[in-house]
Structure formats: C-alpha cells, structure tokens
There are 2 protein chains.
Amino acid sequence: MEGRAARPRIADVARKAGVSKTAVSFAFNSPERLSAETAARIREVAESLGYRPNPVARMLTQRQTMTLGVLTPQALAVIFSNPFFALFSEGVAQAAEELGYELHFISPLHGSLAMAMGRAMVDGVVAIGLSADHPEVGQIEAAGLPMVLVDSDDLPGHSSVVVDDETGARAAAEHLIGLGHRDILILAVEGPQAAGIQPEHHGVSERRLRGYQAALDAAGIGLGSDHVVAGRASLAGGVATFERALAAGIRPTAVLAMSDAMAIGAVRLARERGLRIPDDLSVVGFDDVDLAAHVDPPLTTVHQPIREKGAVAARLLLARISAGASHRPERVRLATELVVRSSTAPANR
Amino acid sequence: MEGRAARPRIADVARKAGVSKTAVSFAFNSPERLSAETAARIREVAESLGYRPNPVARMLTQRQTMTLGVLTPQALAVIFSNPFFALFSEGVAQAAEELGYELHFISPLHGSLAMAMGRAMVDGVVAIGLSADHPEVGQIEAAGLPMVLVDSDDLPGHSSVVVDDETGARAAAEHLIGLGHRDILILAVEGPQAAGIQPEHHGVSERRLRGYQAALDAAGIGLGSDHVVAGRASLAGGVATFERALAAGIRPTAVLAMSDAMAIGAVRLARERGLRIPDDLSVVGFDDVDLAAHVDPPLTTVHQPIREKGAVAARLLLARISAGASHRPERVRLATELVVRSSTAPANR
DNA sequence: GTGAAAGCGCTAACAG
DNA sequence: CTGTTAGCGCTTTCAC
C-alpha cells in the first residue's frame, strides 16, 4: 500500500533553491532557458534532496509514455522460458531501444488480459498470438491505441507482420517426399481453446497444415486423419503427442512437427523406443530456434526470422506512433526457408 | 509526436451517461456504491465510447504503479538472449504475477542507466549485476525507492539475495582434484569495466575464484597466474578465451569455467583441436542453465537456483513495498550444488 | 446513491 | 531569463 519514504517534490526543491517550480522543471528539461549557474545550483539542491521528477506525473502532462506494450496471452513467466518468445522479444527490444523506448509486457493479470491491458501505460502495442477477432484486439482498437498484429489475419487499419508459413511447410514436406517418405505423421500445435502453451500458433497451425497438405496432395500421397495429432508446442508436448500416435499404432517413417520443441521431443521419445534418427525415423521441425542446430542430431527445420519479425513489428508500431493516424498501415510478409541438417534421411521402407 | 485518435475521457462518459465523473469512477472502481442499474448503464456507455480509464492519471492519484522494475546494466535485447537472465526474469515474473504486479525492465537508455531509471514508473526495483557502490544504486536509495540487490555485496537497509558461489566453486575444483587433475585452467568472467556480456558477474567472479583457489590450496596445487584467463560469459567468449590460453602454450587436463556458456565454448574448441571430452579434457561449468544437461556431452556444472533467486528477490521486494519502511531487510543466501554429468573424467596424465 | 471540489506532481504557455 | 497560471485525467473525501 504505502511505505516509500516521503519523496521530495518539485516544490521542495524550488523552495530550498529559492526559485519557482518552473525554474526547477527547466533545470531538468530545458537547461538552456536558465542561466548556467542557476541551473547548476538547482540541480545541486535537487541532488542533495534526492529529488527525481515523478515519472508518472511527467507522462501525464506529456501524454506519452515512451514505452511499447507487447501483448500476449501467455503468462509472463512463459515468455522467458519459451525460446520463440525470447527471440521475438529480443527483436522488439532491439528496435525499441534504438528509439529510446522501453518495453512493457502485457500478459494476463489474475487471468485477465483485458485487465492487464487496462493497466498498461503504453503508447502502442505489438500483439502476438491474438487472432484478429480476439476481444482484446477490439478493446485496443476502440481505445484508439496504435497496434500491430503479428502472426494474425489482417485487420483493416493496422499494420501486420506474418511469415510465409505455408511455403515453408510445403518445402518441409517436399523435402521428406523427395527422400522417399510416404508415411508421414504431422505433429500439430493445439489451438488456443486447448490452452496450449503457444496459442499464438492457432492461425499459424492452419497455415502450416495447408502447406504440408499441398505438398502431399501434389505427390498424390493421402494423409489419414489419424496422421495429424495436436499437442502443446513444447518438448514435453512433443513427447506426449508422438506417444499418443505410437499408441494408436501409427508407425511413420517421418515426422513433420510444427515447432522445434515438439520435434526435439519426438526425437527423444523415438530414441527411447529404440529408433535411430534419422535412419529409422526422419524428423523435421519448424522455427529454427537457436537450439535446433545444437541438439543431437542437428535438426532439419524450417527457418523463420523470429528476431526480425519482432524488430519489424516494433518499427512498424513506432512509425505509426510518431506519424499519427495518418500513417498508412503496411503488411509485411517475411520469408521462411528450409534448413536441412541431420535429422532427415532417405526412407528405409 | 501525436497521433492517437482523441481518446474519450471520463467527462465524456459522464456527460453521455448523464451522471457525474465520480459516478463513472465508481462504476469502475467501487461499483457497490452505485445502484446496480446505474453502474451497468455507465459501463455500457463507457464501452460504446471505447473508454478506458487513463492508467497514467490513475496511478498519479493512487501513488502506486503496481509494477516492479528489474534493473540491469545489460541492454534489453541481451536479457532475452542470455539464458541466465531469462531464467532469473522468469523467477521474478512468477512472483510478481502472483501479486498482480507487472514487470518493467530498466536497462541503459541511450547508454545511460540513470536516465532509464529516471523514467521508470515502478514501485520498487530488483537490481541485478550492480555492485553496491554503483552510482545508480545511490540514486535509487536517495529517491527512497524500495530495492533489493541480487549478487551484490550487502547494502545496509536493503534486502539482498546471493548464492553460495564460493562453496560451489570449491566443490567443482575438489571434484576435479579428486579425479586426479593437477593442471587446471580457469576460465573467468570479465569484470564490468571490460564491457563483458555479464557485468553482474564482477563480484561473483571474485567469489568463485576464491572457491577454486581454496580447493587448490588445500590440495597443495599451485595455480600459475597464466592459468586464469578472463573473457566474456558467452559461448563465443569461451572459445576465444580458451584459444588464448592454448596459444600461450597452456595444456591443462581440465577446465574450470565460471559460466556454462563458456564451458560449452571450451568444449567446442577442444573438439575442433582434436581433443576428446572428457577423455582428454575435463570441463566443468557454472550455473546449470537448462541447456547444460542437453549438450553433448552433458555438462558437469555447479547448479545455482537462478529462477528461485529471481523469485526470492521479487518476494522480498514486494514485502518491502507493502510493509513500508518499517520492513526489516533480509539477506537470503541460496545454496549451490555440484552436478556431475559426463564432461569430467579421471585425468589421463 | 450522487455530485462538487480539491488535489496527485509536473509541464508549458504566457507574461513580465 | 524567471515566475504565474492553468491544466493533464483521474480519484476521493465530504456534503447533499
């Protein structure tokens, strides 16, 4: 509730320095409007009092917070443990820093994203993992807060950045098909309603699935509905999901996972079951998280420029913030690319 | 600098609903003071206008921001790419979330931590990686902001949390000595002046070095000054630093690294040079980051409860914030523990 | 149950 | 170059 030692206010400094509040304000914000010595004296007094302008009061009058919001349906703690988010945030942070903006993560507070959003003191928001029809998106829009959507469908009036999921997924499937695989299992990511760890992959999942399908169709390979299983986009999720498929009697020669974490989980489980990777089972991931190159065996995966995605989103938002409502929304689409490493090999049956 | 569509203010809602501003405020904050129907109507009008109480104005009157600051001398982008920080932040986030607090990262703005600190709207600060005599620490103290120091020396009047670095380091060295190693190279972390990637390890480095030394001394093993080389606490830093030692003609049978990242770098370089791990060279890390267990070979390292460190720091801060100045500072010391995996083996010479 | 009025601490015209 | 004077948008006693 309370507790802070009474902080000196601008009036205290003014009194002790024998000047007006304005003078003190100038000493901090426009020193050139004061004589050098007056300014210096004021700052000294301020320092001796331990005065620092109250940032909240200051932004109230300036009407800008100099901070960007990163909106996600994830718990805060997840953001740091999930490599995808960490990388994305790194990109956002980098762009924000360049322009002197700070970052504020907006995630569900007491379970409510709307509540967190209401509290957030930000000049704009980068929303990731929210579909365009998510209620919070409407809330932000109604409030007139600048926003850019990442990995969502387009929303008129707002910039967005997406990645070419479909093409990447298609390349992954084609790679496997080219290696002679015909019995392929797809490890999909759960939609948001299932409280998956990465609900942002909702629309993303569909796009990736479409890519896989396209390649399979083109090769005349049918995909039984039991060959698409969904689970959490985590290592544990990969283990559990693959296990479910195995338990159902599926014995694919290759796995197409929608996230690297799931792919790594599948590799782990496969080995526990005595399968050799890639000899007995080929595995392809998605995202190309840092770890992907360092696991054993190095993972074949679809690279998406996660960090850049964050940076681009932040720049778009910053542009919108400083240009005002006149800013024309842009839709940026970033490319994906298949990276072939050592977790895939020709089918052996 | 402007751009937001004019946001509706409380007065607009009041006018349209035909009530006073107070009523609108009550509708949001103390609905029980209004008739149910009035409250409902007001909220409806508010919603139709897209009104959301200005959070800045609100905290100005309430004099609390409900957000915690995490102060570090690192660039924001580093926080997400550095597993140590990510883990620490995860801990802080978890504790903050429990009490409905948000997190705000305070890192150098335009190169100035002091400036960033001045802008920050927070109720208190968790400072990590700042020595107690760091200027910003004085600034925070003077401003009367609650603060808890992590990995620093004690500062009267403030809670702190540290880890038992010395004991952990000593255990690591003893492990190696027990395996018959007598020619040990220490990969230290650079102090802050050297702009290392983890300046927070400054005092930490000294403590760890003391631990290593103690074990060596006890075993009667001398440590040439050329057997302690410092570098950045990153994989690349590990490679570079170990390379320097090798170039200087050092040929240890074991390496004691002050961070897992450095240890992994050393492993990588050693292999490139044709050394087998652990047969030809034993390597011990420090921190026990998630990755440590998953690299090849799994890394023997000193575990420190990083996540818990963050959580404890946040709880201490939260306690201080709500108890006020009467709160008695606590010093928490967390244990470290040697985790033996597969990167160490008996010396073969 | 509802409203008037006084701030919260600071900034920024506008005079002098 | 310095001071006076209004607010910024909201909360919150204190009357009605």
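In the text below, chain A, chain B and the rest are named by the order of the sequence lines, each starting its count at 1.
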Result block: side-chain N/O donor-acceptor pairs under 3.5 angstrom for residues 85-93 of chain A, not counting sequence neighbours:
| residue | atom | partner | partner atom | Å |
| --- | --- | --- | --- | --- |
| A/Ser89 | OG | A/Phe85 | O | 2.7 |
| A/Glu90 | OE1 | A/Arg307 | NH1 | 3.2 |
| A/Glu90 | OE2 | A/Arg307 | NH1 | 2.7 |

Under the side chain to side chain contact (heavy atoms under 4.5 Å, CB included) test, residues paired with B/His158 that sit two or more places apart: B/Glu141, B/Met147, B/Leu155
Contact interval (first through last nucleotide) of DNA chain C with protein chain B, 4.0 Å heavy-atom: C/dG1 to C/dG9
Contacts of A/Ala114 that satisfy side chain to side chain contact (heavy atoms under 4.5 Å, CB included) - sequence neighbours left out: A/Ser112, A/Glu136, A/Gln139
Those residues that, when tested against A/Glu330, pass salt bridge (charged side-chain N to carboxylate O under 4.0 Å, His left out) (two or more places apart): none
Angle by which the axis turns from one end of the helix from C/dG1-D/dC16 to C/dG16-D/dC1 to the other, five pairs per end, to 10 degrees: 30°
Side chain to side chain donor-acceptor pair (under 3.5 Å) partners for B/Arg331, two or more places apart: B/Asp154, B/Ser160
Pairs flagged by side chain to side chain donor-acceptor pair (under 3.5 Å) wherever residues 49-58 of chain A is involved - sequence neighbours left out: A/Asn29-A/Arg58
Partner set under side chain to side chain contact (heavy atoms under 4.5 Å, CB included) for B/Leu60, not counting sequence neighbours: A/Val56, A/Ala57, A/Leu60
Where protein sits on nucleotides 8-14 of chain D, one letter per nucleotide: B base, S sugar-phosphate only, - none, heavy atoms under 4.0 Å: BBBBBBB
Side chain to side chain contact (heavy atoms under 4.5 Å, CB included) partners of B/Ser152, counting only residues at least two apart: B/Leu149
Atom pair OG1 (B/Thr72) and CD1 (B/Ile79), whose distance is rounded to the nearest 0.5 Å: 4.0 Å
Residue pairs involving residues 307-327 of chain B (criterion ring pair (Phe, Tyr, Trp, His ring centres under 6.0 Å); sequence neighbours excluded): none
Sugar-phosphate, base or nothing in reach of B/Val56, heavy atoms under 4.0 Å: nothing
